[in-house]
Amino acid sequence: MVKFTKDTIIEALLFASVDPVAAGKLAQAAGLEEAEALASIDTLNAQYEREGRAFRIMEISGGYQFRTLPELSEYLKGLARQIAAHRLSHASLETLAIVAYRQPISRVEIEKIRGVSASGVLKTLLEKRLITVCGRAQVLGRPLLYGTTADFLRYFGLADLSHLPRESELQVILSEQEGRMVSQVEPGEEDNGGPTDQQTLL
Amino acid sequence: MVKFTKDTIIEALLFASVDPVAAGKLAQAAGLEEAEALASIDTLNAQYEREGRAFRIMEISGGYQFRTLPELSEYLKGLARQIAAHRLSHASLETLAIVAYRQPISRVEIEKIRGVSASGVLKTLLEKRLITVCGRAQVLGRPLLYGTTADFLRYFGLADLSHLPRESELQVILSEQEGRMVSQVEPGEEDNGGPTDQQTLL
Amino acid sequence: MEDYQVHLDFFEGPMDLLVYLIRKHEIDIYDIPIVLLAEQYLEYVARIENLNLEKAGDFLLMAATLLQIKSRMLLPRPEGSEEEWEDPRMELVEKIVEYMQFKEIADHMRRLEDLSSRQAERGFSEMELYAQEEGEDPGIDATVNELILAFSRVLIRQRTPEPVHRVRREKISAARRAAEIRELLGRKNRVLFSDLLSEGASRLFVVVTLVALLEMAKSGEIRVEQADIFSELWVLRHKLRKDLPALGAEEPEDVDEAEGPPLED
């Protein structure tokens, strides 16, 4: 076999995969340590930046994935499958938000928060693979519990759940809106910066 | 919109498209002349060569498509094996679902439900330790009975079997599209149909 | 005034409407003027027209809650125990705050969705080709979702020719239901309204039964009685016509002609 650099091997593995590839799998297939694989990803992204490439390697859903720069989307309409994708309804988004932050959660609990029936929305989200059944509550009737999936993270371009803003951060936004300040969180730590925040949710 | 070079746009288009793109279509999508698009492809390939990239734009069945260098295929096969090892074929998944819901169950009973031979699939599932022999039926021939294992629960992240939705719950959580076994009129469907029905009736 | 153009079905539900009103009137959620809010809310709910039963019910339930809080606010507070007084609005406020948070998160997720949808993934999967080489059926990452979807497909295939579908296609008409009720009354003379609905009644079945009863009451065939406001409804044969055989074998002439349009499908 021809000799390739670590970087080239990592590049090939990720480029050939449409789905995000977990660092462990990636390293194993390349015959590298995980840290080496991650270092290669950094090197590659720096090169792409310098050379003006149309894509970057991004951390998505617990793995790594090539994606084009969002600024190019105008040119891709019609050819790329993702770009034209339909957006989720308000009801779906609200329900997903509740599931993401309160998982595992039952249908009844979701309905208590939204004040409306959730069964139709849950069906849609299950079929879109954005949520999954993940157990039963230990309460009367043992209702099914729902949680988010890997596809959920991929759909929203998230590395993991902790990249959603924390509820305490949202409290700040809310309070400011109401003309009040809650002091437990420092200003400037608002949701714009969310995705870099590494703290676990809840 | 940010200004990108022709090359970057061509690169993004070829990266994102599912099938090989014909030169004419590519040029049209990028708002270029065909000759310009072809020139861009040459420019890009020359850059990839110089920078030691793992991929090239290749001419495939009358169009252009990104492919990784064939010399790297050994690494790709390695990752493909890892991925395949973690996956279940559709036949396996269906058989596994039948075992999970109807256990303990014999091969003959599974075959009656699926309408095809199950021995190959059962062998695969036994090898993957997702099912196990758990007894013999008290009928003529005393056939082996199969059931799911602890590995099965771990694989699907379930605390125990009761955490799977019951058959009656499947009807509620999956809509007509996916689970056409729903026997009663769906709430949503009834809502739509309801008013007109009433009108004709009165 | 243009505000009245805003339709109720524009809102996701009662919580959504409440939040809208709170923002519109710049209400401090920690000191909600409950009288104003309830009034405003009811103005919208009064215009329920095109909503389906379920959604309308959700809005009405919240209306009842608001009115209940309003009435509790009017009760005199126990003297000297201001500390112990529990604000009747508290529970609602907590719910509103919680809901507003999730709306905030949903907005944030909309932005993430927008950004993510503009980043194209690689269109063609070479890895899939290699995975296929590994096995003819490249298979899927099996999750609980895939498992239950696979099992529902099995159930679908099994049930395709089953009577379930014949039931669905069976025509429930008001005339047929009237005939059933008539037969029942022929035997019993009177029957509890709730008993007419007890057989696993779908909403459609309830509607058909109601329509049948209304028709029968209109034509004077039956009478509906109630001992007092909240007690059970009794359906009675209007006149115990002695000239008729007990089993109602003789049906009114218009039955066949009134076979009525089928309700299903």
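Residue numbers start from 1 in every chain, and the chains themselves are labelled A, B, ... in the order their sequence lines are given, proteins ahead of strands.
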- Message: Pair A:Arg67, A:Gln65 - check side-chain hydrogen bond (donor to acceptor under 3.5 Å, both in side chains), show working.
- Response: CA-CA 6 Å; A:Arg67 289 191 172 195; A:Gln65 186 187 35; 2.9 Å; yes

- For A:Glu11 and A:Tyr48, does a side-chain donor sit closer than 3.5 Å to a side-chain acceptor? yes

- Item | Structural part of A:Tyr146 lying under 4.5 Å from a heavy atom of chain C | neither

- Task: Considering only NZ, NE, NH1 and NH2 on the basic side and carboxylate oxygens on the acidic side, decide whether A:Glu34 and A:Lys25 come within less than 4.0 Å.
- Result: no

- Message: Could you walk me through whether C:Tyr99 and A:Glu94 satisfy the side-chain hydrogen bond (donor to acceptor under 3.5 Å, both in side chains) test, starting with their C-alpha distance in whole Å, then the side-chain angles of each, then the deciding distance to 0.1 Å, before giving a yes or no?
- Response: CA-CA 9 Å; C:Tyr99 182 70; A:Glu94 270 181 36; 2.8 Å; yes

- Would C:Asp107 and C:Lys103 pass as an ion pair if we require N to O under 4.0 Å? no

- Option that, when pairs with chain C are counted at under 4.5 Å, heavy atom only, ranks first among A:Ala91, A:Gly157, A:Ser92: A:Ala91

- Message: Taking side chain as everything from C-beta outward and backbone as N, CA, C, O, which of these in C:Leu129 sits under 4.5 Å from a heavy atom of chain A? Side chain, backbone, both or neither.
- Response: neither

- Message: Under 4.5 Å from any heavy atom of chain C, what part of A:Phe66 do you find: side chain, backbone, both or neither?
- Response: backbone

- Decide yes or no for C:Leu115 and C:Arg111: does some side-chain heavy atom of the first lie under 4.5 Å from some side-chain heavy atom of the second? no

- A:Leu96, part contacting chain C, at a heavy-atom distance under 4.5 Å: both

- Largest heavy-atom contact set with chain C, pairs under 4.5 Å, which of A:Val133, A:Leu88, A:Leu69: A:Leu88

- A:Phe15, part contacting chain C, at a heavy-atom distance under 4.5 Å: both

- Item | Between C:Glu126, C:Met127, C:Arg110, C:Met62, the one whose heavy-atom pairs under 4.5 Å with chain A are most numerous | C:Arg110

- Message: Taking every non-hydrogen pair under 4.5 Å, which of A:Ala54, A:Pro70, A:Ala97 racks up the most with chain C?
- Response: A:Pro70

- Could you have a look at C:Glu12, C:Met15, C:Lys95 and say which one has the most heavy-atom pairs with chain A under 4.5 angstrom? C:Glu12

- Query: Side chain, backbone, both or neither: which part of C:Glu146 has a heavy atom under 4.5 Å from chain A?
  - Reply: side chain

- Take A:Thr8 and A:Thr5 through the side-chain hydrogen bond (donor to acceptor under 3.5 Å, both in side chains) test and state the conclusion after the steps. CA-CA 5 Å; A:Thr8 312; A:Thr5 67; 2.7 Å; yes

- Item | Salt-bridge criterion met for A:Asp19 and A:Arg154 (N-O under 4.0 Å) | yes

